[in-house]
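One structure below.
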Amino acid sequence: MSGVSAHYNNFLASHYTWMSGGRENKIAENLEFFDAWDISPKQKGQALDLGAGPGFGSIALSRRGFSVRAVDLCEKLLEEFRANAGNALVTIVHGDILEPENFGGHPVELVTLMGDTLTHLPSLESARELFKNIYNALSPNGKFLITYRDLSVERFGEQRFIPVQADADRILTCFLEYEPSRVNVYDLLYLRTPAGWLLSKSNYHKLRFSADEVERMLKTTGFAVVRREIVKGMTALMALRGK
C-alpha cells in the first residue's frame with residue numbers, strides 16, 4: 001500500500017482529523033455505531049483494529065471494554081493517535097495490515113476494518129488474502145466488522161467533484177476519475193496564507209468493491225455474513241467465523 005501510505009504521510013495525515021469532523025465527534029459516532037451493532041466484549045475482550053489511523057475506532061472500542069491492537073502503516077497518523085490515546089487500552093503497531101505477523105499472534109474475538117481501509121488495498125487478490133488472514137486470527141464465533149465507501153457505481157460529469165470539508169482557512173475537495181477496477185482520487189487542498197490561498201494536490205487509487213462482491217468474498221473465505229446496511233453513506237457488513 002505504498003501509494004496510499006505516501007499520500008497520507010505526505011499530504012492528508014496533517015488534515016485527517018479536521019476533514020473527518022473532529023476527534024471526539026468521530027469517537028462518539030463510532031460509539032453510537034458499535035452500540036447499534038452490539039459490539040461489546042463477549043469473550044476475552046481482545047480486538048484487532050486494522051487501518052486504525054489516528055484511533056477513532058480503537059479508542060471507541062477501548063471505551064466499550066476491549067483491549068485493542070491497532071495497526072496502521074501511516075506513521076504520522078499513529079503519532080497523533082499516541083498523543084491522544086490517554087488511558088485507552090490500546091497497543092499501537094506501525095505496520096502493514098497485509099502482513100499477519102502484525103496481528104499479534106493470538107486469537108481475538110473482534111476484527112474491525114473501518115473507514116476506507118478496504119478500498120486502500122492494492123488489489124482484489126490482496127483483499128481475498130487479507131480476509132483469509134483475518135479469519136485465521138479470529139477465535140471461534142469471532143466477529144469481523146467492515147465499513148467502507150462503495151465506489152462500484154460510477155459518477156459522471158460534475159458528480160465526480162466532491163466537497164469534503166471547509167472552514168475559513170482550509171478547503172478540501174476531491175475529484176474522481178474512474179477506471180474499470182479502481183478510482184483515481186485527486187485531493188485538492190486550499191490553505192489560506194498571508195499571501196493568499198495556496199493550493200496543494202495529491203492523488204492515489206481506491207479499489208471498487210460492490211457490497212455483493214465483498215459478501216461473496218467473505219462467504220468464500222468461510223465467514224457467515226449476518227448483517228449488511230448503509231450507515232451514513234458507508235457500507236457496513238458483519239461477518240462471523242464459525243466454531
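For clarity, every value in this text was computed on a predicted model and none was experimentally measured.
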Are any of the side-chain heavy atoms of L218 and I146 separated by less than 4.5 Å? yes
Those residues that, when tested against R160, pass salt bridge (Lys or Arg N to Asp or Glu O under 4.0 Å) (two or more places apart): none
Ignoring hydrogens and angles, tell me if any N or O in the side chain of R69 forms a donor-acceptor pair with the backbone of L48 under 3.5 Å. no
Pairing residues for K42 by the salt bridge (Lys or Arg N to Asp or Glu O under 4.0 Å) criterion, not counting sequence neighbours: D38
List the residues meeting side-chain hydrogen bond (donor to acceptor under 3.5 Å, both in side chains) with N25, not counting sequence neighbours, and say none if there are none. none
Apart from F161 itself, its cluster of hydrophobic side chains linked below 4.5 Å comprises F175, Y186
Is the shortest side-chain heavy-atom distance between F56 and Y16 below 4.5 Å? yes
Determine whether M19 and L188 fall in the same hydrophobic cluster, where Ile, Leu, Val, Met, Phe, Trp and Tyr are linked whenever their side-chain heavy atoms lie under 4.5 Å apart. no
Residue pairs passing the salt bridge (Lys or Arg N to Asp or Glu O under 4.0 Å) test where at least one lies in residues 170-179, sequence neighbours excluded: E179-R182
ILVMFWY network linking W18 to F11, side-chain heavy atoms under 4.5 angstrom: yes
Which pair of non-hydrogen atoms, one from R208 and one from V183, has the smallest distance, and what is that distance? CG-CG2, 3.6 Å
Contact list for residues 100-112, test salt bridge (Lys or Arg N to Asp or Glu O under 4.0 Å), sequence neighbours left out: none
Joint cluster assignment, L50 & L124, ILVMFWY side-chain distance < 4.5 Å: yes
Quick one: salt bridge (Lys or Arg N to Asp or Glu O under 4.0 Å) pairs with a partner in residues 75-88, sequence neighbours left out? R23-E80, E75-R82
Residue pairs involving residues 73-96 (criterion ring-ring contact (aromatic ring centres under 6.0 Å, His included); sequence neighbours excluded): none
Suppose the criterion is ring-ring contact (aromatic ring centres under 6.0 Å, His included): which pairs have a residue in residues 210-230, not counting sequence neighbours? Y135-F223, F144-F223
Test: R216 and E213 ion pair at under 4.0 Å: no
What residue pairs, at least two apart or across chains, pass side chain to side chain donor-acceptor pair (under 3.5 Å) with a residue in residues 45-58? D49-S58, D49-T112
Is it true that L110 and V226 fall in one hydrophobic cluster, defined by side-chain heavy atoms closer than 4.5 Å? yes
Compute whether any side-chain donor of one residue and acceptor of the other, for D212 and S210, lie under 3.5 angstrom apart. no
Test item: T221 side-chain N/O and F131 main-chain N/O as donor-acceptor pair under 3.5 Å: no
Please determine whether residues L176 and V4 belong to a single hydrophobic cluster, defined as Ile, Leu, Val, Met, Phe, Trp and Tyr linked transitively by side-chain heavy-atom distances below 4.5 Å. yes
Can you pull the ring-ring contact (aromatic ring centres under 6.0 Å, His included) pairs that have at least one residue in residues 191-210, sequence neighbours excluded? H7-Y204, H120-Y204
Tell me whether D72 contacts the main-chain N or O of G95 through its side chain, where contact means a donor paired with an acceptor under 3.5 Å. no
Sequence neighbours excluded, the answer for side chain to side chain contact (heavy atoms under 4.5 Å, CB included) partners of R227 is W37, E229, M238
